[in-house]
Amino acid sequence: MRSHTAVWLGVDLGEARVGLALSDPELTLAFPAGNIRVQGDYFQALDQVEDLIMDKCVSKVVVGYPLLLSGQAGRSAKKAARWVRALTGRLQEAAQDSGVAPEQLPSVVLRDERLTTVSAHRQLYDARVDGRRHRPVVDQQSAVVLLQSALDNQRADKEW
């Protein structure tokens with residue numbers, strides 16, 4: 001499942017769409033990678049996300065963890081944690097079926113996503129994307145914000 005080139009996947013679990021972002025192989029920049037329409041049940045996106053992980057040889061999946069502003073895990077955060085467990089289980093099954101060693105599996109992590117949607121809207125506004133066109137791409141842009149934050153933190157940790 002892993003290749004010598006690392007690519008990370010960012011996932012923003014929205015109610016209408018699951019937004020996706022991919023990193024460059026140098027783990028420097030996050031780029032939009034599309035949306036998956038889910039119409040209220042983002043567990044529907046598991047097949048497509050698993051396929052993307054396999055196709056792009058993803059080494060790490062960063063999933064938005066929608067904590068409450070207080071920092072506590074509410075209903076949405078608990079649902080995101082269940083989604084991560086479901087994805088991890090699917091990846092483990094696929095690895096067993098193909099004889100891939102567990103250490104070859106991509107890691108799947110939750111990352112605090114408080115205010116990523118606000119940042120995404122601001123970036124879209126700054127890019128002069130009018131309000132009507134925000135909704136279809138805001139989850140994707142939120143995934144970019146989430147993934148870029150994870151990449152920046154990973155790079156900063158290596159510099160210390």
Side-chain angles (χ1 to χ4, degrees), residues 1-67 73-121 123-124 133-154:
M1 289 192 177
R2 283 191 186 168
S3 73
H4 60 281
T5 303
V7 175
W8 289 11
L9 172 66
V11 180
D12 179 77
L13 300 170
E15 288 302 316
R17 292 167 205 80
V18 170
L20 304 169
L22 287 167
S23 75
D24 61 349
E26 292 78 26
L27 302 178
T28 304
L29 295 174
F31 299 96
N35 286 313
I36 301 170
R37 285 191 133 288
V38 292
Q39 303 181 343
D41 181 12
Y42 49 71
F43 283 84
Q44 294 175 12
L46 284 166
D47 287 338
Q48 289 173 275
V49 170
E50 182 182 356
D51 289 346
L52 182 63
I53 290 167
M54 302 302 184
D55 291 346
K56 299 295 184 182
C57 297
V58 170
S59 61
K60 186 170 191 169
V61 181
V62 180
V63 180
Y65 193 39
L67 295 172
R75 189 171 146 237
S76 294
K78 291 173 183 174
K79 188 175 176 185
R82 286 193 308 275
W83 191 89
V84 164
R85 287 192 298 274
L87 178 61
T88 300
R90 283 171 169 250
L91 294 172
Q92 289 170 344
E93 286 177 25
Q96 283 180 333
D97 292 347
S98 61
V100 171
E103 60 271 7
Q104 293 292 312
L105 288 172
S107 60
V108 182
V109 299
L110 287 164
R111 181 170 176 86
D112 184 355
E113 70 163 39
R114 284 177 284 182
L115 305 178
T116 57
T117 302
V118 171
S119 295
H121 276 293
Q123 289 175 358
L124 292 168
R133 293 185 17 224
H134 275 207
R135 178 130 343 261
V137 296
V138 73
D139 294 308
Q140 175 181 252
Q141 191 61 31
S142 293
V144 170
V145 171
L146 175 73
L147 182 56
Q148 188 64 58
S149 173
L151 293 169
D152 292 346
N153 282 355
Q154 185 258 359

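Quick caveat: nothing in here was measured; it's all calculated off a predicted structure. The analysis underlying the following values was restricted to heavy atoms, covering all of them including side chains, and did not include hydrogens, waters or symmetry mates.
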Using a 4.5 Å cut-off on heavy atoms from C-beta on, say whether the side chain of Arg111 contacts that of Asn153.
-> yes
Do side-chain atoms of Trp8 reach the backbone of Leu151 as a donor and acceptor pair under 3.5 angstrom?
-> no
Worked check of salt bridge (Lys or Arg N to Asp or Glu O under 4.0 Å) between Asp12 and Arg17 | CA-CA 8 Å; Asp12 179 77; Arg17 292 167 205 80; over 6 Å; no
Quick one: which residue pairs count as a salt bridge (Lys or Arg N to Asp or Glu O under 4.0 Å) with a foot in residues 75-85, not counting sequence neighbours?
-> none
Is a side-chain donor or acceptor of Gln148 paired with a backbone partner of Thr28 at a separation under 3.5 angstrom?
-> yes
Donor-acceptor under 3.5 Å (Ser149 side chain, Val145 main chain) = no
Inter-residue atom distance Leu67.CG - Asp112.CG, 0.5 Å rounding | 4.5 Å
Side chains of Ile36 and Tyr42 in contact at under 4.5 Å (non-hydrogen atoms) = no
Between Val58 and Leu22, does a side-chain contact (heavy atoms from CB on, under 4.5 Å) hold up when you go through it step by step?
-> CA-CA 9 Å; Val58 170; Leu22 287 167; 4.3 Å; yes
May I have the step-by-step check of side-chain contact (heavy atoms from CB on, under 4.5 Å) for Val109 and Tyr65, ending in yes or no?
-> CA-CA 9 Å; Val109 299; Tyr65 193 39; over 6 Å; no
Report the C-alpha distance between Leu87 and Ile53 in whole Å, list the side-chain angles of each, state the deciding distance to 0.1 Å, and finish with yes or no for side-chain contact (heavy atoms from CB on, under 4.5 Å).
-> CA-CA 10 Å; Leu87 178 61; Ile53 290 167; 4.1 Å; yes
Salt bridge (Lys or Arg N to Asp or Glu O under 4.0 Å) partners for Asp24, two or more places apart = none
Val49 vs Leu9 side-chain heavy atoms within contact, under 4.5 Å = yes
Closest approach of Ala143 and Gly19, non-hydrogen atoms and distance?
-> CB-O, 3.4 Å
Distance in Å, Leu20 CG paired with Lys56 NZ, rounded so as to fall on 0.5 Å steps | 11.5 Å
